[in-house]
Amino acid sequence: MTANEHEVNRSARSGRFVKESTAERDPSGTVTEHVGGDKRDDKQDVHRSASTGRFVTGTTAELHSSSTETQRV
């Protein structure tokens with residue numbers, strides 16, 4: 001990782017940032033995102049509800065495109 005690259009952990013339920021210890025304790029309830037660094041082609045799309053901030057599936061994002069946002073991380 002370069003100096004500005006790092007990983008952040010978010011709750012899959014609330015979308016809020018959580019500590020690394022929380023991600024280790026509840027891996028199925030958290031999402032780890034790699035942020036910063038150079039622009040690589042191996043980035044992935046994540047989808048969130050615009051009203052709750054919670055992560056949603058790609059199918060949900062397609063069905064409710066007006067109320068979800070997609071991020072490339």
Side-chain angles (χ1 to χ4, degrees):
M1 277 193 245
T2 64
N4 62 347
E5 287 180 278
H6 61 282
E7 292 182 338
V8 294
N9 303 299
R10 291 183 181 264
S11 165
R13 290 180 272 292
S14 68
R16 294 183 180 186
F17 290 103
V18 297
K19 295 189 281 187
E20 187 172 346
S21 60
T22 303
E24 291 170 355
R25 190 172 51 253
D26 186 17
S28 64
T30 55
V31 176
T32 300
E33 301 174 4
H34 182 84
V35 296
D38 58 356
K39 297 182 192 255
R40 298 179 309 193
D41 292 332
D42 62 345
K43 293 185 177 184
Q44 64 179 353
D45 289 335
V46 294
H47 313 283
R48 294 177 180 271
S49 164
S51 59
T52 66
R54 292 182 178 182
F55 290 99
V56 298
T57 64
T59 302
T60 301
E62 288 177 17
L63 292 172
H64 304 282
S65 60
S66 65
S67 62
T68 56
E69 51 187 51
T70 300
Q71 297 173 298
R72 191 137 180 100
V73 295

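Small disclaimer: the values here were computed from a predicted structure and weren't measured. One is the number of the first residue; the rest follow in order along the sequence.
Counting only residues at least two apart or in different chains, salt bridge (charged side-chain N to carboxylate O under 4.0 Å, His left out) contacts with residues 47-57 comprise Glu33-Arg48.
Considering only residues two or more places apart in sequence or on other chains, Arg13 meets the salt bridge (charged side-chain N to carboxylate O under 4.0 Å, His left out) condition with Asp26. Partners of Ser11 by side chain to side chain donor-acceptor pair (under 3.5 Å), not counting sequence neighbours, listed by chain and number: Ser14.
The shortest non-hydrogen separation linking Thr30 to Ala23 is OG1-CA, 3.5 Å.
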Taking only distance into account, with no hydrogens and no angle test, what donor-acceptor pairs under 3.5 Å do side-chain atoms of residues 58-67 form with protein atoms, sequence neighbours excluded?
| from | atom 1 | to | atom 2 | distance (Å) |
| --- | --- | --- | --- | --- |
| Thr60 | OG1 | Thr57 | OG1 | 3.0 |
| Ser67 | OG | His64 | O | 3.4 |

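Heavy atoms of other residues, nucleotides or ligands lying less than 6.0 angstrom from CD of Gln71 number more than 12.
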